[in-house]
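Single-structure report; data block below.
Just so it is clear: chains get the letters A, B, ... in the order the sequence lines come, proteins before strands, and each one is counted from 1.
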Amino acid sequence: MKLVDRWVERSVRGVAQRTSRRHFMSRLGVLLVGGSVLPLLPVARSNESSVADLPDDASLEGTAGDPRSCNYWRHCAIDGAPCSCCGGSQTACPPGTELSAITWIGTCRNPGNGKNYIISYNDCCGKSTCGRCMCFRSEGDKPIYVPQKSNDINWCQGTNSNIYHCTIAAVIGQSADE
Amino acid sequence: MKLVDRWVERSVRGVAQRTSRRHFMSRLGVLLVGGSVLPLLPVARSNESSVADLPDDASLEGTAGDPRSCNYWRHCAIDGAPCSCCGGSQTACPPGTELSAITWIGTCRNPGNGKNYIISYNDCCGKSTCGRCMCFRSEGDKPIYVPQKSNDINWCQGTNSNIYHCTIAAVIGQSADE
Amino acid sequence: MCVVRRLILIMLLSCSPLCLAQGLADRMTIATLPPEYQPHWVWVNDIAYGHVADGQAFLVDADTGRFLATLSAGGFFMKLELPSTRNEIYAAATFYPRVNRGERTDVVTIFDPQTLSPVDEVIIPPRRQTGNPTLAHSALTDEQRFMAIYNMTPAQSVSVVDMQERKFVEEIATPGCALIYPTGIRRFQMLCGDGSLLTVSLNEDGSGAGQVRSKPFFDPWQDPVTEKAVRINNQWLYVSFDGYVYPVDVAGKEPKFLPTWSLLSAEDRAESWRIGGLQHLAVHERRQLLFSLMHKGGIDSHKDPGNYVWVYDLRSKKRINRIKLKGAASAIQVTQDDQPLLLTAFIGNPKLTVYDPDSGERLRTIKQLGSTITGLQTN
Amino acid sequence: MCVVRRLILIMLLSCSPLCLAQGLADRMTIATLPPEYQPHWVWVNDIAYGHVADGQAFLVDADTGRFLATLSAGGFFMKLELPSTRNEIYAAATFYPRVNRGERTDVVTIFDPQTLSPVDEVIIPPRRQTGNPTLAHSALTDEQRFMAIYNMTPAQSVSVVDMQERKFVEEIATPGCALIYPTGIRRFQMLCGDGSLLTVSLNEDGSGAGQVRSKPFFDPWQDPVTEKAVRINNQWLYVSFDGYVYPVDVAGKEPKFLPTWSLLSAEDRAESWRIGGLQHLAVHERRQLLFSLMHKGGIDSHKDPGNYVWVYDLRSKKRINRIKLKGAASAIQVTQDDQPLLLTAFIGNPKLTVYDPDSGERLRTIKQLGSTITGLQTN
């Protein structure tokens, strides 16, 4: 298991790597609907931008632009195996797995343009767990009782199988707090 | 996995540890019954001895008398996890497992009295495989097509579950070739 | 005739153990565990990350280091239920007919404590929440008759099982609230997304008897409490990411929020000490001690492993000991007897380490315990 | 409306990928493998020792080191069948409804090579032989219509499945003989305990058409051949513990035993060189090369890992190369193209190592491939 390496590495990196996402997250509004807490994320309106505006990984220095690295900028809140190491990519599930429709949301800063993006960490499901490139960063992670912000939850829900395989990290919007 | 340690260890021990069991095994007679090869093992008659004659492990020096060690004298032909490390003993399956009724047979020399004993390596079955104290010695082991001498076969057969948990090493007789 | 039968055994057929025992031959047996467990026998829970369909628990003697037995729990194994009033063990698990595909079946399995083998099972709705294990996934109510299991689909609910009758009772909708913290006879509480507690009461048959939502007692966005609360007598101790203890008295029908206190001094905070781990708290009831797994780290390090266990007297709310661990730990536990042991494990290294909680001395290490230890439980 | 739908997604409900693609948002997709595999794509088989219910195969690009996809094979996974005439992959496996308990079901699963997901399954008698994996556990006959699976209960038999019709045909009793080595159209041979071969022929519907037992061609007590024979064109090469090659020509209805030759010189034997490993042989058909995993060891070391691969020209029966491995290997394989790669893996270290079979140079290592690699296959 590489868990130990990653965790030890994470312990060592310590404070240094954790930028102040918390400060941002705490300013998120919450909306109480029928007893359930749902966040109103400040997602930029989709007609204000296009796919061409997605930040370019190739221009990033070092591993921040490598989707197989735990340091990949979109992995700031992940806890699991990035699908890029498992036969998929940061936006594609590996062959034969199912894409979970629901998930948790993180906010990661792109080091190239300094903007914050909303990242959807959808799980890919139905094959035995991929143990490659295990990555634990958990920036902005909340406990299980705040489900939409919790990476402790297996998000293989509403899928034919709930067996967790790996996690993608897709941009679903730009944060409005710029 | 400790497989690597054990195998590397075994590689290093090399020739030194392998006494000439092969010489003995090759003198075993075989009997052809209905197209099936069955060995006529030279087991000493049961009325010639009693349980009290079973060799005493406590008198042995070093790990040759320790049922949790790969060097335990009865483990000369094992390939798997000794049940002594898994909640059982050299003659007892761990709690809740099933004892396989059929198995493969080895012949091990007791270093205390120098006598050869027939060892029955019965598998214990029905719980997920115990990965403790993995031991590969395979003295006298034959390929799968000589089933009664093959430790590559999962002997969890005729049991409710064929999931392999661990292996005991019971004396079932003294070799008659003394 | 017995010789013949023994030869038949060698000829790949079966022979009774009785027959074997008569000659120069060992009697082959199957071990069983004694009716009474020892106080230093410890459960080591392994979700088997990489093969989550095949979770396991190992029973280990922390005094001798002896491995006692394996309990094959099943898919997405979280924790065991260990009732004191029935000679049984329970665990909720998820199964598929083809390991990870086909129709999902969730069950509560009833295990025999002397064999750790299943004796029965109760099928529950296939909706239990899965993921990183937490001891709050399920619980027995205080009279030990009903087992409650937390569901998420993502709709949130609780499945109630009558463990005396071994039958599923009903699924209770609990929108916005998660996990199970038992608080009394036929009663448990849940943590809600707005920082409040939901108290759920059951009728005598286990069906829902009503729910009461408390006011929020912490801010889940500013400083959430972890899910890994510990209970001591009639108090649940919830601990926040920033190291504040929120004691909740559950003796009455509604929770009573007691004064908050801090695990960390101003100096500790300046040095970036933080709580963290998958099971970062433990208590010793008779001694009224709280054990907290600690590390130096930044914000968002609430799941990082710790290398210290800090010990607090719950009467004085003062730290009385700092135990430096030999290596990282992600789960801690303490035995409840008068000569307690402190137990630690790290998910990345499958071994159990045993410490003297007074001297802090490492007493022993028990290795080769599965692959990914997620939790520790005592009997 | 799309914005609303995206918000709904965030509110824990689903949203179509098409909708997401319209804005500043990635399109989430599911990858598929191309219709044509590359010659350097390699199958890495993992029995998942410790969790044998959950065996896996990984498809890896040995040129780039890229991990391509996972195939969840099931319990006691041994090997894949890779027909060239149908766009399908097959594997026999054993399942229990509760992972390791309940009623046993053995199946041949049919997988889609573009997704590595099951598309169908054929239930077979719950009697397949299990244990340490061998590539001779099952095979397709040469016309690729019938799959034969070796059973042992301990009675020995073969299950025949019609892979065109996807139905079980029948179980053929083969007392005293084991494993499957295909030898022609609707024909395979088996190794028998007396050192002979059993040739089994099938009718057009796959039912048994008769069996012929050869004379013994080796002595299983003095110097047995391993089960890990390799086929090159119409020859099966069986290799004994002591390093003798027994070529068997299977072009005709009955096997023809060709002259035995030795992998070892007198000097090699004096230095205790031996064959050994779980998959210790490989061939390159067009180049007529035999690769043999070697180590220095005593008798009974036929399953020990090797640290050398010796290469033989099958025309001259001379050793032409000795490749020193960087670390131990228990399985070797060679790709069948004109720029072949030599592949090695060790069951105790879950990585694939890629060598140039001519220069012996280590080209790359691909790590984190399951837990216990038992075999390697090429397409």
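Your options are C:Thr174, C:Asp219, C:Val225, C:Leu198, and the one with the most heavy-atom pairs under 4.5 Å with chain A is C:Val225. Chosen from A:Val146, A:Asn162, A:Asp123, the residue pairing most often with chain C at heavy-atom distances under 4.5 Å is A:Asn162. Among C:Thr94, C:Asn132, C:Val52, the residue with the largest count of heavy-atom pairs under 4.5 Å with chain A is C:Asn132. When each of C:Gly276, C:Gly195, C:Gly131 is checked for heavy-atom pairs under 4.5 Å with chain A, C:Gly131 comes out on top.
A 4.5 Å side-chain heavy-atom check between A:Pro147 and C:Gln156 finds at least one atom pair inside the cut-off. With a 4.5 Å cut-off on side-chain heavy atoms, A:Tyr164 and C:Thr130 do not count as touching.
For the residue pair C:Asn100/A:His165, the side-chain donor-acceptor check at 3.5 Å is not satisfied.
Remark: C:Ile47 CD1 to A:Thr129 OG1 distance equals 8.0 Å, nearest 0.5 Å. For the atom pair SG of A:Cys130 and OH of C:Tyr49, the computed distance is 8.0 Å after rounding to the nearest 0.5 Å. Here OH of C:Tyr96 is found 5.5 Å from CD1 of A:Ile163. Values are rounded to the nearest 0.5 Å. Separating the CE atom in A:Met134 from the CD1 atom in C:Ile347 is a distance of 8.0 Å, to the nearest 0.5 Å. Atoms CZ and CG, on A:Arg137 and C:Asp304 in that order, are 12.0 Å from each other to the nearest 0.5 Å. Atom CZ of C:Arg127 is separated from atom CD of A:Gln157 by 12.0 Å, given to the nearest 0.5 angstrom.
Both the backbone and the side chain of A:Asn151 have a heavy atom closer than 4.5 Å to some heavy atom of chain C. Contact annotation for C:Leu179: only side-chain heavy atoms (C-beta onward) come within less than 4.5 Å of a heavy atom of chain A. Only the backbone of A:Asn160 comes within contact range of chain C, judged by heavy atoms closer than 4.5 Å.
Between C:Thr226 and A:Pro143, the shortest heavy-atom distance links the atoms CA-CG, 4.3 Å. What you find for A:Ser138 and C:His302 is that their closest heavy atoms are O-CE1, 4.2 Å.
Centroid-to-centroid, the aromatic rings of C:Tyr181 and A:Tyr145 stay 6.0 Å apart or farther.
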Intermediate values then yes/no, side-chain contact (heavy atoms from CB on, under 4.5 Å), C:Thr134 and A:Asp152: CA-CA 9 Å; C:Thr134 161; A:Asp152 269 344; over 6 Å; no
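Around the CD atom of C:Glu103, the shell of radius 6.0 Å holds no more than 12 heavy atoms that belong to other residues, nucleotides or ligands.
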